[in-house]
Amino acid sequence: MTKEVRVRFAPSPTGALHIGGVRTALYNYLFAKKQGGQFLLRIEDTDQTRFVPGAEEYIKEALEWIGIVPDESPWKEGPHGPYRQSERKPLYMDYAMDLVEKGFAYYAFDTSEELDAMRERLTAARVVSPQYNSITRTQMKNSLTLPEDEVKERLASGEPHVIRLKVPRKEEIRLNDMIRGWVMVHSNTLDDKVLMKSDGMPTYHLANIVDDHLMGITHVIRGEEWLPSAPIHVLLYRYLGWEDTMPEFAHLPLLLKPDGNGKLSKRDADKNGFPIFPMNWKDPRTEDFSQGFKDAGYLPDAFINFLAFLGWNPGDNREIFSLPELIQAFSVERIGKSGTKFDINKAKWFNEQYLKAKSNEELAAYLNADLKSEGITIEEGKAEQIVAIMKERATFPSDLWKEGRFLLIAPDQFDEKVSSKKWTADAVKVLTTYKAKLESLDAILEPVNAKALLEEAAAENEIKLGKVMPAVRLAVTGAGAGPDLISIFMIIGKDELIKRIDFALNTLEVIES
RNA sequence: GGUCCGUUCGUCUAGGGGUUAGGACGUAUCCCUUUCACGGAUGAAACACGGGUUCGAUUCCCGUACGGACUACCA
């Protein structure tokens, strides 16, 4: 029996959760649940300068919206808390000191100006990649070059300093990525990463290793952008003495721009008019507002189904998967290697599928909510009727009202393109007759008699019904296309039907034929 | 520039030494529908290129091209 799977999603609260981040969270969750393991949320807020108010809550709510609730998080403490790195601050220095004592890390006192100067010097000397490494560190101000006394003195006087990892000069570092297989990097291409910043906070590199170890993380599933620094992480596990419990890594392919190339950005989303954040977000600094998938009308199930298929597939032709079905079908082996271009059309298609699958009762709730905000009240059961004929042509719940508005509000104008071609003298004759027949109808209007009366009206005028149907639709709905007419008659009822025909007859000008 | 990762229809992808290279979105045509949509049918549409290995490569290997990520006291 192998140990229980524990994975984490570790976002920074620097703004709204990007759709790529949501996918990473989803894959972590699916993997954990498939294995019967735990999914935790850890807030990586070690960069105090980038903290954005509200971002944490946003992350929490976004995950709740898509239905993935962490087993452990800042809001649901487990045995390995706290789950916010800023609250774990006292922990990290011990590990950094351990590395310094073992000779795997060192103090560095260089100012940012000195670092810039070093990079400029190297660039001028045509060094291919200027970095703080086994060669350049010999010329910088650190505990490797400074006399021991001076180092102690500087430390004692509280001089700002960082702790850097002492990357070995010549070593091959390998890691076995679950998605990409063996990846090998030479240590001479790595630089001496800062582990502890001068403000006393750890960098991502140190914090994520310490926390993952302490939290018993077994698998690290994260974006491909971390692959280049993964060898640093392997080194840290080794130097900290944790190599035998090092988690397995899986680096996910990136989400790319829909057109052209490059990483998907908010800019692309804005340009193409689709959301990139799960929910509405207003940047507290720029006041910039972005509509989220939720608020654009995407159903959470459709959203995660769509997201899951951006880089993963079940290996067969099925496409519609509920969250439990995704868990059941998920496997890391079936995650693709290459970047995925973002296609909003597919997202819309998924939404339509889920929308159509919903019961009339559920959909009526959406319609009723829209009606309520418009201040419109309708009789019991009417919303269900409307939704039944409208849902086949809706992408979002809001379309139910947007497209079905004419069912509750009589048209005050008519589609010019249709009236100019179809509002013929014949149409007027048939509608006039039909109106009279409706007025003298004693029985309740039903599909059969509504249809029969219309046919009679046409026959009595010796006109083919098909020729005037577009005009009938125009009179009743104001448009040239829409749901089945008889169904519409049933929803608006006899009195309203008569009123609308009457209004059209009095409003529209007959065209010459 | 350097390091690493990648490359099958427009897009998401299946497949994998011998296939008519499969599905989905989108698209085109047709059917259904006195309209539109839904649904159904059909079509167009892909293995980046060059070398190897092999009887045979889209599939394996090596290059090239192209794309991407990374290259901070950011994550």
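A, B, ... follow the sequence lines: proteins, then strands. Residue 1 opens every chain.
Going from the P atom of B/G15 to that of B/C55 covers 28 Å, rounded to whole Å. Distance noted for atom P between B/U29 and B/A37: 12 Å (whole Å). Spacing of C1' atoms, B/A72 relative to B/C62, comes out at 37 Å, to the nearest Å. Nucleotides B/C5 and B/G22 place their C1' atoms 28 Å apart, quoted to the nearest Å. Distance noted for atom P between B/G23 and B/U7: 22 Å (whole Å). Across B/C9 and B/G26, the matching C1' atoms stand 12 Å from one another, rounded to whole Å.
With a 3.5 Å ceiling on both atom-pair distances, the Watson-Crick or G-U wobble partner of B/C25 is B/G10. Under the Watson-Crick or G-U wobble criterion, with both distances below 3.5 Å, B/U35 is left unpaired in every strand shown. Base pairing annotation: B/A48 forms a Watson-Crick or G-U wobble pair with B/U64, both donor-acceptor distances under 3.5 Å.
Residues satisfying the ring-ring contact (aromatic ring centres under 6.0 Å, His included) test with A/Tyr107, not counting sequence neighbours, are A/His161. Remark: A/Ser487 pairs with A/Asp484 by the side-chain hydrogen bond (donor to acceptor under 3.5 Å, both in side chains) rule, at least two apart or across chains.
The aromatic ring centres of A/Tyr27 and A/Trp312 sit 6.0 Å or more apart.
Across the interface with RNA chain B, nearest-nucleotide mapping of A/Glu352 and A/Gly482 shows A/Glu352 to be the residue nearer the 5′ end. In terms of position along RNA chain B, the nucleotide closest to A/Glu319 lies nearer the 5' end than the nucleotide closest to the other residue of the pair A/Leu485 and A/Glu319.
Within the 4.0 Å cut-off from OP1 or OP2 of B/C12, not a single side-chain nitrogen or oxygen of A/Lys346 is found. For A/Asn313 and B/A14, the shortest distance from a side-chain N or O to OP1 or OP2 is below 4.0 Å. Look at A/Thr189 and you won't find any side-chain N or O under 4.0 angstrom from OP1 or OP2 of B/C4. Note on A/Lys356: every side-chain N or O is 4.0 Å or more away from OP1 and OP2 of B/A37.
Between the side chains of A/Lys391 and A/Asn360, at least one donor-acceptor pair of N or O atoms lies under 3.5 Å. Defined by atom type and a distance below 3.5 Å, a donor-acceptor pair is missing between the side-chain atoms of A/Asp47 and A/Ser12.
Comparing atom distances between the A/Asn317 side chain and each of B/U34, B/G23, B/U35 picks out B/G23 as nearest. Comparing atom distances between the A/Ser338 side chain and each of B/C38, B/U8, B/G23 picks out B/U8 as nearest. Checking B/C25, B/U35, B/G23 against the side-chain heavy atoms of A/Trp349 singles out B/C25 as nearest.
For A/Thr145 (side chain) and A/Met140 (main-chain N/O), a donor-acceptor pair under 3.5 Å exists by modelled atom type. At least one donor-acceptor pair closer than 3.5 Å links the side chain of A/Arg164 to the backbone N or O of A/Asp192.
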When every nucleotide of nucleotides 64-75 of chain B is labelled 5' to 3' by its protein contacts under 4.0 Å (heavy atoms), B for base, S for sugar-phosphate only, - for none, what sequence of letters results? ---SSSS--BBB
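Between A/His251 and the choices A/Arg222, A/Glu225, A/Arg180, the side-chain hydrogen bond (donor to acceptor under 3.5 Å, both in side chains) rule is met once, by A/Arg222.
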